[in-house]
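Notes to accompany the following structure.
To find a chain, count down the sequence lines: A is the first, B the second, and so on, and within it residues start at 1.
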Protein chains: 2
Amino acid sequence: MGRVTGDGTVGKALEVLDQVAAFGRPVRFAELLADSPFPKPTLYRFVQTLTSQQMLAYDPERQTYSPGLRLVRLAHAAWDQSTLAPMARPHLDALSAAVGETVHLAQLDHAQVLYIDKRNANKPVEMYSQAGKIGPAYCTGVGKVMLAHVDPVVAENAIGQQSFHRFTEHTLPDADALRAELAEIRANGYGFDREEHEPGIICIAMPILSDTGRLLGALSVTSTTGRTNLAGLESFEPVLRETARKIARDAANWNFPDYNAKEATRM
Amino acid sequence: MGRVTGDGTVGKALEVLDQVAAFGRPVRFAELLADSPFPKPTLYRFVQTLTSQQMLAYDPERQTYSPGLRLVRLAHAAWDQSTLAPMARPHLDALSAAVGETVHLAQLDHAQVLYIDKRNANKPVEMYSQAGKIGPAYCTGVGKVMLAHVDPVVAENAIGQQSFHRFTEHTLPDADALRAELAEIRANGYGFDREEHEPGIICIAMPILSDTGRLLGALSVTSTTGRTNLAGLESFEPVLRETARKIARDAANWNFPDYNAKEATRM
DNA sequence: TAACTTTGTTTCATTATTTGAAACTTAGTT
DNA sequence: AACTAAGTTTCAAATAATGAAACAAAGTTA
C-alpha cells in the first residue's frame, strides 16, 4: 500500500509510526510486515530505531510494539505551543458553564478535524480521551464551519479528500452538496450538524477567526434530538460568537514576539 | 551540544524535534542553528522534512517553527495504547472522590517521571495540561516509589542521571541519600514527598505493581502543609493501596491477546 | 526425535541518500 | 550604494540505507 511518502528516510520511519498507531493495539512485527510497503529488514530496522528512540514501546513478553511515551512528551509541547487550547481554556470553561452541554474545540489538520479540547457538561473530566482524536470534516459541525472559512484553495483540496461515507441518512452525499452547505454557512456565519455523523446527535458550530479573517479553529455545542432541536441550539449562537471572539482576541496577543528572551549564543 | 544520538538520520531528526519542543515557544531557524550540533544545511533540511511531515508547524508570517499537530494525533494513540491511563481512569475518579485531594497517575519514562493523568480535587478539568508533563524522579513521591520498585539495573541507571538540584531545603542532596530513601520505601511499600520539590507541598505515593511484582506506574495524593501533614496523608494509604491493586488487576486483563482479531493478509 | 514451519534477526555488496563547505539569494540595515 | 544577517541552493565526497539471501530460534507436526 505504498503511499507517496517522500522526505527520505525520516518520512518512511514516520510512516511506520503511523502504521503502528493505526493498529490501535499492540502489534507484532509480522503483522506490520504483512501490511508494509517495505521489505523485511528495512521495516525491521525502522522498528528498531523507533523503539530505541522511545517513539515506539516494545513489550518483550508479547513481542509487540505500541506507540511510545516520547510521543506523549512531545505532544504536550505541541498542544501547549501549537494549538488554541491553552488560551481557549478559560473561555471553554465559561462557555461550558453557560450552556450546560458538551462543548468542543477543534482545529483543521490536513483535511480532517482535530479535536484539541472538550468540556463534557455532566462529567467534566473525559478529556485527553478526546483531545488528539480526529474526525471527518464533511459531516461534523466544526468541520464544515472550518472548511467554509479557510482559504478556498485549502478548502477545495480538503473537499477532494473527503470520503463522503454515508454515516446517517442526513450525511451530505457528495462534494457538491458540501459546497452548497459551505456557501450557506458563509452567509450565516455559523453552521449546524443535523444528525449527519450520528443519529440523534446535533450541534451548532462557530468558526474562530482572527481580526484579519484567518481561520484559527472552531467551537461547537453538542446535544441530542431528545433534549433539544436546532432552534434550541441556535439560542446559543450569541454566547458562542462571543466566546469565539474572545479566543481570537487572546490568540492575537499570545504569539508574543518575545525574541529577545533567549539570545542566540555562539555561531 | 552533541548528544550521543545514534540511530542514523531518524535519530538526528528526532533530536531536532526535541530541540524545537524544548524551546517552549515558536522558534526561528537561526535560533535553532545557534544551538545545534548540525551544520546549517543539514539542520535546514531536517526542519523542512519535519515540517512537511507535520511534525513541525511553520508560521510563514513570523518565520517560526513549533511542534506540529501530527504529534497530537500520534500521542492520542500512545496515551490510549501504551499507558495505564485508559484503564486507570475510573479508579482515579473514585480515588479522587474518596480523598478530596489532587491525585496523580505517573509512569517512569527513561529516568524521569511522566505524568499521564490527574484529578484536581476542586476544579477537576485541568488535565492535558498535566498529562505529558515530565518531572524529576529523585524529588517527587511518584518518582521515588517507582525507582524503589523498578528493576535495580534500571534504577541505578536512572539514579545516575538525576540532577539533584536542590529545589528546597528538604530535597535529597545526592545519590546516596536517595538510595537510603529507596530502601526505606521498599520496606514500607509506599513513600512520601516531604516538601522536597516545592515548599509546602507534600504527598503520599504508592507504586502500581503487577502480580509478578513488575512496576507499572505510581499513584499519589498531594496536599499542602497548610491543610494536613504526613500523618494525615498516611490515612489515605489503604484506599491508595486498594486503588493501585485494582489498576494492576485491570492492567493484567487488558492487553487482550486478541491476535485473531485482525488476520495477517497477504505475505 | 527428526523434519518442517513460522517468526524474528543478521550479513554484506550494491545503491541511494545524506552531508556540509561554499556560494548564492533575499531582505533588511547603515 | 555598500553592508549585514537570515535563509536557501549546489554538488562532489562521505555515509547510510537497502534488500536478497542466509541464518537462528521457537514452535509445530509427523
Checklist line | Any B/Tyr44 side-chain N or O less than 4.0 Å from OP1/OP2 of D/dG7 | finding: no
Check: For A/Thr9 and C/dT18, is the shortest distance between a side-chain N/O and OP1 or OP2 below 4.0 Å?
Finding: yes
Note to self: Whole angstroms only, please: what is the CD-P distance between A/Gln48 and D/dT18?
What the structure shows: 14 Å
Checklist line | Inter-residue atom distance B/Leu178.CG - B/Ile185.CD1, 0.5 Å rounding | finding: 8.0 Å
Check: Looking for any heavy atom pair under 4.0 Å, which part of the strands does A/Pro39 touch: base, sugar-phosphate only, or nothing?
Finding: sugar-phosphate
Note to self: Checking contacts here: which listed nucleotide (C/dT7, C/dA22, D/dG19) is nearest the side-chain heavy atoms of B/Pro41?
What the structure shows: C/dA22
Note to self: Any heavy-atom pair between the side chains of B/Tyr115 and B/Val142 that's under 4.5 Å?
What the structure shows: yes
Item checked: Rounded interatomic separation in angstrom, taking CG from B/Leu33 and P from D/dA5 -> 14 Å
Notebook entry, point to check: What integer distance in Å separates B/Gln63:CD from C/dA27:C1'?
Noted result: 9 Å
Next item on the list: Write down the distance between CG (A/Leu43) and C1' (D/dG19), rounded to a whole number of angstrom.
Entry: 12 Å
Margin query: Without decimals, in angstroms, what is the distance between A/Phe29 CZ and C/dT6 C1'?
Written below: 13 Å
Margin query: Ring centroids only, cut at 6.0 angstrom: are A/Phe29 and A/Tyr65 within range, meaning strictly under it?
Written below: no
Check: Side chain of A/Lys40, base of C/dG8: donor and acceptor closer than 3.5 Å?
Finding: yes
Item checked: Phosphate OP1/OP2 of D/dG19: any A/Thr42 side-chain N/O under 4.0 Å -> yes
Check: Can you find a side-chain donor-acceptor pair between A/Gln53 and A/Arg70 that sits under 3.5 Å?
Finding: yes
Item checked: Contact check, side chains of B/Tyr58 and B/Gln63, non-hydrogen atoms, under 4.5 Å -> yes
Item checked: Rounded distance (Å) that lies between atom P of D/dA16 and atom CZ of B/Arg45 -> 14 Å
Checklist line | Donor-acceptor pair present, A/Arg28 side chain and C/dG8 base, under 3.5 Å | finding: no
Notebook entry, point to check: Between B/Lys12 and C/dT19, is there a side-chain N or O to OP1/OP2 distance below 4.0 Å?
Noted result: yes
Notebook entry, point to check: How long is the line joining CZ of A/Phe46 and C1' of C/dT10, in whole Å?
Noted result: 17 Å
